[in-house]
Protein chains: 2
Amino acid sequence: MSTNESRCDCNIIHQDIVNAVKKSFPDELLLYDLAELFKIFGDSTRIKILSALSIHEMCVCDIACLLNMTKSSISHQLRILKQANLVKYRKSGKSAYYSLSDDHIMQIFEQGLDHVKE
Amino acid sequence: MSTNESRCDCNIIHQDIVNAVKKSFPDELLLYDLAELFKIFGDSTRIKILSALSIHEMCVCDIACLLNMTKSSISHQLRILKQANLVKYRKSGKSAYYSLSDDHIMQIFEQGLDHVKE
DNA sequence: TAAATAGTTGAACAACTATTCAACTGTTTT
DNA sequence: AAAACAGTTGAATAGTTGTTCAACTATTTA
């Protein structure tokens, strides 16, 4: 950062620490993408959908029935999960069958669960 | 769930699957807490703060300076992180030094990073 | 004691988001 | 061909949330 204008309204107390942290700080864009990923996990409806799909492939109706929600709201959330490449789907007749696109997703899920369980 | 009223506006196609999933479905409250945890991770300011604190303990001014944001907004976010038991702090003189309350947090962080990096 | 500084806090505002509703597409059934 | 059903989509709405601003507390320094 070579900008002189700073929103930081204070005298820097530990310039050495700030510099050291800045040095080994991950890429800005990477942290942004990471936040975006967690944001998707940060909704109970989407968490429930992912949790359900980790057990078995399901169609929109099945998920709506399981979570006692409308097809529409489930479809909206599935679109978000699809855009984030967290779920994939196959169409068969009138139905669309959704499943997890990646096993790695559940590792993040499980790690989070461990922390919540304390 | 023993309620007959269902928001699910469709005939259930795979009652057997829905029942099976319902059976091995995690506790509702647990999934809610999990979503709340991920929600906290799902903001780039908070992610950056956690990432910084994983490198070194820092005071509010240091963080504000590092991220080029006001003390106020950092303090607000630190309050949220504190309430979620993700950070702890010690006061010394005029300053408040924040650090991660748990190493486990960074495991979730790293796992997410792996996924984002693809 | 007064000024300066680090940090906190509540209200206000703007931006975002999850659900609802209605209308729609596409497939299957009668 | 018409009805029924699974699913999608866009607009509207209500609720949430991150930052800003101003006022405040507490500690230190002059």
Side-chain angles (χ1 to χ4, degrees), chain A residues 6-15 17-18 31-32 35-36 38-50 57-84 87-99, chain B residues 6-15 17-18 31-32 35-36 38-50 57-84 87-99:
Chain A
S6 175
R7 247 167 272 161
C8 163
D9 50 346
C10 52
N11 303 358
I12 300 138
I13 310 181
H14 310 92
Q15 187 65 60
I17 292 175
V18 173
L31 292 181
Y32 179 82
E36 288 301 303
F38 284 131
K39 202 173 283 178
I40 290 170
F41 279 88
D43 175 79
S44 55
T45 299
R46 287 193 292 266
I47 278 283
K48 285 176 194 169
I49 292 174
L50 290 173
E57 176 191 66
M58 290 179 103
C59 68
V60 179
C61 266
D62 289 347
I63 302 170
C65 174
L66 175 73
L67 304 183
N68 195 31
M69 294 176 71
T70 61
K71 284 180 298 179
S72 178
S73 60
I74 298 298
S75 184
H76 277 298
Q77 296 300 346
L78 283 170
R79 186 175 53 84
I80 293 169
L81 293 170
K82 211 186 333 169
Q83 280 172 347
V87 303
K88 60 182 195 287
Y89 73 107
R90 63 180 179 87
K91 296 199 105 179
S92 174
K94 283 187 288 185
S95 299
Y97 296 90
Y98 283 83
S99 58
Chain B
S6 175
R7 246 168 272 162
C8 162
D9 49 346
C10 53
N11 303 357
I12 301 136
I13 312 180
H14 311 94
Q15 186 66 59
I17 291 176
V18 174
L31 292 181
Y32 180 82
E36 288 301 304
F38 284 131
K39 200 174 287 178
I40 290 171
F41 280 87
D43 174 77
S44 55
T45 300
R46 288 192 292 267
I47 278 283
K48 285 176 193 169
I49 293 175
L50 291 173
E57 175 191 66
M58 290 179 105
C59 68
V60 179
C61 266
D62 290 347
I63 302 171
C65 174
L66 175 73
L67 303 183
N68 195 32
M69 294 176 71
T70 62
K71 285 180 297 179
S72 178
S73 59
I74 298 298
S75 183
H76 277 299
Q77 296 302 345
L78 283 170
R79 187 176 52 84
I80 293 170
L81 293 170
K82 209 186 335 170
Q83 280 173 348
V87 303
K88 62 182 192 292
Y89 74 107
R90 64 181 179 87
K91 296 198 106 178
S92 174
K94 284 187 286 185
S95 300
Y97 295 90
Y98 284 82
S99 56

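Just so we're on the same page: letters track the sequence lines, and every chain starts at 1.
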Engineer: Can you measure B:Arg90 atom CZ to C:dA6 atom P for me and round it to whole angstrom units?
Structural biologist: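 Spelled out: CZ on B:Arg90 to P on C:dA6 is 16 Å.
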Engineer: Do A:Ile63 and B:Val18 pass the side chain to side chain contact (heavy atoms under 4.5 Å, CB included) test, and can you show the C-alpha distance, the side-chain angles, and the key distance before you say yes or no?
Structural biologist: CA-CA 8 Å; A:Ile63 302 170; B:Val18 174; over 6 Å; no
Engineer: Over all heavy atoms of both residues, which pair between B:Glu57 and A:Ile17 is shortest? Give the atoms and the distance, please.
Structural biologist: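 So the minimum-distance heavy-atom pair works out to O-CG2, 4.1 Å.
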Engineer: Using a 4.5 Å cut-off on heavy atoms from C-beta on, say whether the side chain of A:Ser44 contacts that of B:Leu31.
Structural biologist: no
Engineer: Closest heavy-atom contact between A:Gly42 and B:Lys39?
Structural biologist: O-CE, 2.9 Å
Engineer: Hey, does A:Tyr32 have a side-chain heavy atom less than 4.5 Å from the side chain of B:Ile47?
Structural biologist: no
Engineer: Would you kindly give the CZ-to-P distance between B:Arg46 and D:dT19, to the nearest whole Å?
Structural biologist: 8 Å
Engineer: Measuring to OP1 and OP2 of C:dT19, would you say a side-chain N or O of A:Gln77 lies under 4.0 angstrom away?
Structural biologist: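 Answer yes for this pair, as a side-chain N or O of A:Gln77 is under 4.0 Å from OP1 or OP2.
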Engineer: In whole Å, I'd like the distance from the CG atom of A:Leu78 to the P atom of D:dA6.
Structural biologist: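 From A:Leu78 CG to D:dA6 P: 15 Å.
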Engineer: Both A:Ser95 and B:Lys39 contact DNA chain D. Which one's nearest nucleotide lies toward the 5' end?
Structural biologist: A:Ser95
Engineer: C:dA6 C1' sits how many Å from B:Asp62 CG, rounded?
Structural biologist: 11 Å
Engineer: Could you go step by step and tell me if A:Tyr97 and B:His14 meet the side chain to side chain contact (heavy atoms under 4.5 Å, CB included) rule?
Structural biologist: CA-CA 11 Å; A:Tyr97 296 90; B:His14 311 94; 3.3 Å; yes
Engineer: Check the distance between C:dT17's P and A:Ile74's CD1 and give it to me in whole angstrom.
Structural biologist: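 To the nearest whole Å, that distance equals 18 Å.
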Engineer: Find the distance A:Ile80:CD1 to D:dT9:P and express it as a whole number of Å.
Structural biologist: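 After rounding, the reported distance stands at 12 Å.
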Engineer: Using five pairs at either end of the helix from C:dT1-D:dA30 to C:dT30-D:dA1, determine the angle between the two local helix axes and round it to 10 degrees.
Structural biologist: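 Taking five pairs per end, the axes differ by 10°.
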Engineer: Compare side-chain N and O positions of A:Tyr98 against OP1 and OP2 of D:dA6 and report whether any pair is under 4.0 Å apart.
Structural biologist: no
Engineer: Taking all heavy atoms of B:Asp43 and all of A:Ala35, pick out the closest pair and write down the distance.
Structural biologist: C-CB, 3.7 Å
Engineer: Atom CZ of B:Phe38 to atom P of C:dT17: distance rounded to whole Å?
Structural biologist: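 Interatomic distance, CZ of B:Phe38 to P of C:dT17: 18 Å.
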Engineer: Show me, pair by pair, the donor-acceptor contacts under 3.5 angstrom made by side chains of residues 73-84 of chain A, not counting sequence neighbours?
Structural biologist:
from    : atom 1 : to      : atom 2 : distance (Å)
A:Ser73 : OG     : A:Thr70 : O      : 3.1
A:Ser73 : OG     : A:Thr70 : OG1    : 3.1
A:Gln77 : OE1    : A:Arg46 : NH1    : 2.8

Engineer: Mind calculating the distance between CD1 (A:Ile63) and C1' (D:dT8) to the nearest angstrom?
Structural biologist: 14 Å
Engineer: Quick one: sort the B:Tyr98 and B:Tyr89 rings into parallel, tilted or perpendicular, breaks at 30° and 60°.
Structural biologist: parallel
Engineer: Using the side-chain heavy atoms of B:Ser75, tell me which of these nucleotides is nearest: D:dT17, D:dT9, C:dG7.
Structural biologist: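 For the B:Ser75 side chain, the nearest candidate turns out to be C:dG7.
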Engineer: Classify every nucleotide of nucleotides 20-30 of chain C by which part a protein heavy atom approaches to under 4.0 Å, writing B for the base, S for the sugar-phosphate alone and - for neither, in 5'-to-3' order.
Structural biologist: BBB---BBS--
